[in-house]
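From a predicted model like this one, the values you see are computed outputs, not experimental measurements. Below, chains carry the letters A, B, ... as their sequence lines are ordered, and counting in each starts from 1.
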Amino acid sequence: MSGSHDHAGGGPVGDLTSRVHRLDPRAKIVGLVAVTLVGVSTPISAWEVWVACGLVLAAVAAAGRVPARVIWVRARVVLPLVIVVAAFIPFFRGGEVVASLGPLDVSREGLEVLGSVAAKATIGTVSAVLLGATTSVPAIIRGLETMRVPRLLTLIAAFMYRYLFVIAEELRRMRSALASRAYRPRTALQAAALGRMATALFLRTFSRGERIYLAMLARGYSGRMPRLDPLRLARADAVFVGLILLTLLPLRVIS
Amino acid sequence: MHIPDGFLDGSVAATMAVPAVAAVAYGVRRAGRTLDDSKVPLLGVTAAFIFAVQMLNFPVAGGTSGHLMGGALAAVLLGPWLACIVMAVVVAGQAFVFADGGITALGANIFNMGVVGALGVGLAMVLARRILPANRTVFLSVAGVGAWASVMLGALLASAQLGLSGTVPFATVLPAMLGVHALIGIGEAVITVAALSAVLATRPDLIDGAGFGPLSTAPLTPAAEVAS
Amino acid sequence: MSCAVHARGLTHRYPGGHLALEGIDLHIGHGERVAVLGPNGAGKTTLMLHLNGLLTATAGALEVAGLEVCRRSLGELRARVGLVFQDPDDQLFMPTVHEDVAFGPLNMGLGRDEVAARVDAALAAVRMSDAADRAPHQLSQGQRRRVAIATVLAMDPMLLVLDEPSANLDPRARRELVGLLAEIDRTMLIVTHDLPFAAELCERSLILSAGRLVADAPTDDVLADDDLLAAHDLEMPAGIALDLITRRPRPGAEPAELSLRAGG
Amino acid sequence: MSCAVHARGLTHRYPGGHLALEGIDLHIGHGERVAVLGPNGAGKTTLMLHLNGLLTATAGALEVAGLEVCRRSLGELRARVGLVFQDPDDQLFMPTVHEDVAFGPLNMGLGRDEVAARVDAALAAVRMSDAADRAPHQLSQGQRRRVAIATVLAMDPMLLVLDEPSANLDPRARRELVGLLAEIDRTMLIVTHDLPFAAELCERSLILSAGRLVADAPTDDVLADDDLLAAHDLEMPAGIALDLITRRPRPGAEPAELSLRAGG
């Protein structure tokens with residue numbers, strides 16, 4: 001169950017000047033989370049709603065000119081987990097047996113669970129990928145902040161994002177240095193050197209945190225992060241959210 | 001594991017969001033009272049640190065590998081409530097930036113991978129201080145056992161949530177999940193103990209409070225003083 | 001306001017007991033460009049942190065940019081004195097270059113238009129206007145250093161203090177930095193152990209050693225005095241010939257040499 | 001075993017698509033000291049990571065210290081090739097210098113006595129024997145660099161690869177490092193953009209630019225060719241006179257100059 005985070009992902013792609021990219025981050029958060037909520041709350045009997053969700057996502061991707069390859073590369077983190085669910089299908093009991101694999105029966109119920117989980121996970125993951133591909137992380141954080149997420153959390157998130165690359169790069173170099181000194185753990189019990197390395201990294205991180213604070217003070221920081229221009233919703237934002245809701249909600253209600 | 005969208009039943013997802021939001025909200029309120037503003041960048045870089053160390057892979061049985069979660073480490077270094085906040089930001093960041101873990105499963109993921117470890121290990125530290133002698137061995141043992149237990153508890157909770165949602169058959173999944181995570185937990189414990197013993201050796205002041213961490217107690221050391 | 005820095009018996013003892021600065025008497029006039037040299041642990045960084053009130057003297061007095069350094073003057077002081085830290089990654093803590101450069105002016109309470117104008121001017125001064133919307137981690141080391149200088153220039157400080165500005169730069173980035181600093185018309189204090197760098201930019205050099213000011217003289221004299229340098233763990237890098245180094249004039253000082261600089 | 005590095009058409013393309021090395025043909029003989037020069041992003045670090053199998057070629061072949069670089073040879077390869085990273089803090093993480101230097105030999109599965117002997121010898125070679133029980137973070141930058149070299153020397157590598165060894169050193173620490181490296185009797189590859197440093201230590205220099213090997217010649221010729229340097233974003237620092245730089249001989253090469261080095 002390990003998914004290490006590949007930092008090659010993340011960050012806007014596609015046509016950075018597209019209408020989707022230029023939308024207010026709040027509109028994209030609301031719109032794409034709405035697609036996820038509709039998709040996730042839809043039962044398999046109303047599968048046509050999933051198709052509608054997929055079409056909406058495809059339209060967003062097309063309008064933002066987000067290449068399919070990027071969506072595939074970033075969304076495939078979810079694939080191993082869907083495969084795990086698939087592996088457990090034969091263990092579902094009850095329901096009509098539609099196929100037998102040796103001693104294991106595959107029931108209709110099991111297949112329905114798999115189909116449902118795969119569809120919902122795809123819709124949710126692709127929504128998140130499209131949000132990230134059309135919106136910079138700082139913009140997402142600003143959007144969340146305006147949507148009443150506590151300021152302490154958005155501030156931590158902003159610093160986290162800024163220093164993630166710096167610290168991940170330090171970690172990568174430290175791991176290379178370990179490997180080049182013939183460190184090749186074969187079991188979890190030999191992982192202690194990783195712990196020591198983590199401490200060295202933490203102490204570096206800690207003193208960096210202190211130096212950052214000094215640098216902030218030196219430029220007049222007095223406990224309040226200065227605010228930039230307020231985000232302003234435009235008509236395009238209302239249209240974006242409106243179109244998504246008008247497409248999906250009625251269908252969801254009648255299905 | 002990061003539970004994606006659609007793996008949890010709506011009611012399970014909503015139920016799990018309650019304790020997650022409660023813990024983080026309480027942490028934020030508490031921080032608002034006790035935290036001075038010099039600590040915000042420190043918390044931010046610590047979150048980046050946790051995010052980064054979650055990339056630390058180590059071998060588990062059969063050619064697979066596990067990675068560090070860091071909840072126990074965060075609990076000891078930051079104290080339980082700040083650890084809750086930092087872990088929540090890390091897990092949310094993974095969902096928003098890397099589509100790893102679903103937005104609708106965010107509550108469950110924050111609870112399983114953050115709150116449980118942070119509060120569980122934090123609580124264990126407080127209890128240990130009350131009833132056990134205060135020394136290095138006890139401290140490291142509690143941290144190690146806590147790290148292992150937090151991984152197991154997280155796996156147990158995730159299995160239960162998936163089982164209750166009808167996504168996987170609970171009785172079949174549980175042994176597999178616990179089996180794998182018993183080994184991943186060993187890696188977590190070994191790394192956590194090694195990391196903390198190194199902190200004890202070099203900067204014991206940082207874990208002075210043994211459970212309430214430096215950020216709420218120790219004064220800021222001016223970087224210049226460290227440098228000279 | 002002809003006095004940029006005026007210290008009388010400036011002394012700093014850290015809470016741990018370490019005496020980092022001891023009886024510094026120093027006068028730096030408006031418009032000077034001065035190098036602060038000295039081995040590691042000499043107190044250079046401590047002195048720098050005093051200059052905008054991040055530390056305060058445990059004895060003696062310090063006046064910077066016309067202000068007595070004390071708690072009450074902090075806000076004004078930090079607007080008048082710009083510190084550029086050694087590691088640009090410490091200084092650039094906001095998600096984008098633009099936000100970072102705007103951070104100081106916004107803290108000064110300036111209006112939106114004024115902030116925007118200052119950000120543009122500061123980025124233009126360090127030739128980084130194109131990078132306004134980029135994230136710091138997308139920039140090269142030399143570019144980061146220049147943006148770090150812009151974050152401070154945007155506050156329009158009277159005194160600019162730079163800590164090891166040439167650290168980690170390759171020769172080309174270092175030369176570009178020299179050219180850029182030579183064009184900035186501010187009183188400047190450059191803390192460095194890169195002696196040729198000091199020679200290129202500063203007419204006057206100080207040596208700080210074990211918390212004391214042990215030399216204060218024209219840079220040429222300081223760098224030519226091998227015994228003085230050796231006594232304080234300083235030395236010129238191998239292969240450096242001082243007479244091959246051209247000092248960059250201060251802006252407006254000698255127009256005749258300005259064209260020469262543009263060519264070099 | 002007269003061949004230390006032998007690359008034929010070595011090519012590396014990162015998963016993201018970036019072509020970092022393209023058709024490198026290179027032969028380095030046993031006992032040579034070679035500088036790898038080039039601007040940032042030229043592929044220097046990528047090349048270095050290939051030399052002990054931290055990266056593997058996407059095309060072409062590489063043989064290092066008598067071993068074909070491939071998955072099977074990794075363990076042996078890492079014992080034969082020592083990498084010294086640019087920032088000693090990336091390399092040193094154990095509580096004491098002694099434990100850090102022992103880490104590599106212990107990973108190689110050596111016995112206790114052998115490890116102890118190697119640690120002593122490695123620390124002596126970098127003149128840090130007195131620091132064995134100290135914590136790395138208590139050491140100066142120059143001392144840390146020397147300990148980082150010891151951590152690798154203790155593995156008794158045939159080939160020593162150093163990444164920007166002179167970065168962040170003050171002139172004295174830099175001079176001490178030059179003296180120390182001149183005495184180490186190994187095949188040595190020095191990746192740097194400090195051209196005078198290359199001039200002091202290496203007879204032969206390569207220039208890597210945009211992933212290609214664009215020069216491979218005696219260091220004196222390379223550094224005297226201003227057009228070549230400029231074409232690849234390299235330049236000598238201001239004030240450097242090449243004729244003031246003395247090349248350090250390889251150990252045992254010319255005993256007459258050894259005494260000269262001890263004096264300088």
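- When all heavy atoms of His67(B) and Phe58(B) are compared, the pair lying nearest together is C-CE2, 3.8 Å.
- Your options are Pro59(B), Pro4(B), Gly187(B), and the one with the most heavy-atom pairs under 4.5 Å with chain A is Pro59(B).
- Heavy-atom distances place no part of Ser165(B) under 4.5 Å from chain A, backbone and side chain included.
- Heavy-atom pairs under 4.5 Å with chain B peak, among Val78(A), Leu201(A), Thr135(A), Leu144(A), at Leu201(A).
- Neither the backbone nor the side chain of Ala105(B) comes within contact range of chain A; no heavy atoms are under 4.5 Å apart.
- Only the backbone of Thr187(A) comes within contact range of chain B, with heavy atoms under 4.5 Å apart.
- For chain B, the nearby part of Leu131(A) is the side chain; its heavy atoms alone come within less than 4.5 Å.
- Contacts between Leu203(A) and chain B at a heavy-atom distance below 4.5 Å involve the side chain alone, from C-beta outward.
- For chain B, the nearby parts of Val82(A) are the backbone and the side chain; heavy atoms of each come within less than 4.5 Å.
- Ranked by heavy-atom pairs under 4.5 Å with chain A, the list Pro41(B), Gly70(B), Ala88(B), Gly93(B) is led by Pro41(B).
- Taking CD1 from Ile212(A) and CZ from Phe159(A), the interatomic distance works out to 6.5 Å, rounded to the nearest 0.5 Å.
- Residue Arg29(B) qualifies as open at atom CZ: its count of foreign heavy atoms under 6.0 Å is 12 or below.
- Taking the six-membered ring for Trp, Tyr161(A) and Phe96(B) have ring centres at least 6.0 Å apart.
- Contacts of Met225(A) with chain B are absent, with no heavy-atom separation under 4.5 Å from either backbone or side chain.
- Val24(B) touches chain A through its side chain: at least one heavy atom from C-beta onward sits under 4.5 Å away, while N, CA, C and O do not.
- At a 4.5 Å heavy-atom cutoff, the contact between Val137(A) and chain B is made by side-chain atoms alone.
- Within the model, atoms CZ of Arg142(A) and CE of Met147(A) stand 14.0 Å from one another, a figure rounded to the nearest 0.5 Å.
- With a threshold of 4.5 angstrom between heavy atoms, Val60(B) does not approach chain A through any atom at all.
- Note that CG of Asp37(B) is 4.5 Å distant from OH of Tyr221(A), once rounded to the nearest 0.5 Å.
- Proximity to chain B (any heavy atom under 4.5 Å) is restricted, for Arg186(A), to the backbone atoms N, CA, C and O.
- Contact annotation for Pro185(A): both backbone and side-chain heavy atoms come within less than 4.5 Å of a heavy atom of chain B.
- When heavy atoms are compared at a cutoff of 4.5 Å, Leu56(B) approaches chain A by way of both its backbone and its side chain.
- Side-chain atoms of Gln54(B) come within 3.5 Å of backbone N or O of Met69(B) as a donor-acceptor pair.
- Atoms CD1 and NZ, on Ile44(A) and Lys120(A) in that order, are 8.5 Å from each other to the nearest 0.5 Å.
- In this structure, a donor-acceptor pair under 3.5 Å is present between the side chains of Asn112(B) and Gln161(B).
- If you measure heavy-atom distances from Leu171(A) to chain B, the contacts under 4.5 Å come from the side chain alone.
- There is no contact between Arg204(A) and chain B, counting heavy-atom distances below 4.5 Å.
- Side-chain atoms of Trp50(A) come within 3.5 Å of backbone atoms of Gly39(A) as a donor-acceptor pair (strictly under, hydrogens ignored).
- Side-chain N or O atoms of Glu145(A) include none that pairs as donor or acceptor with a backbone N or O of Pro150(A) at under 3.5 Å.
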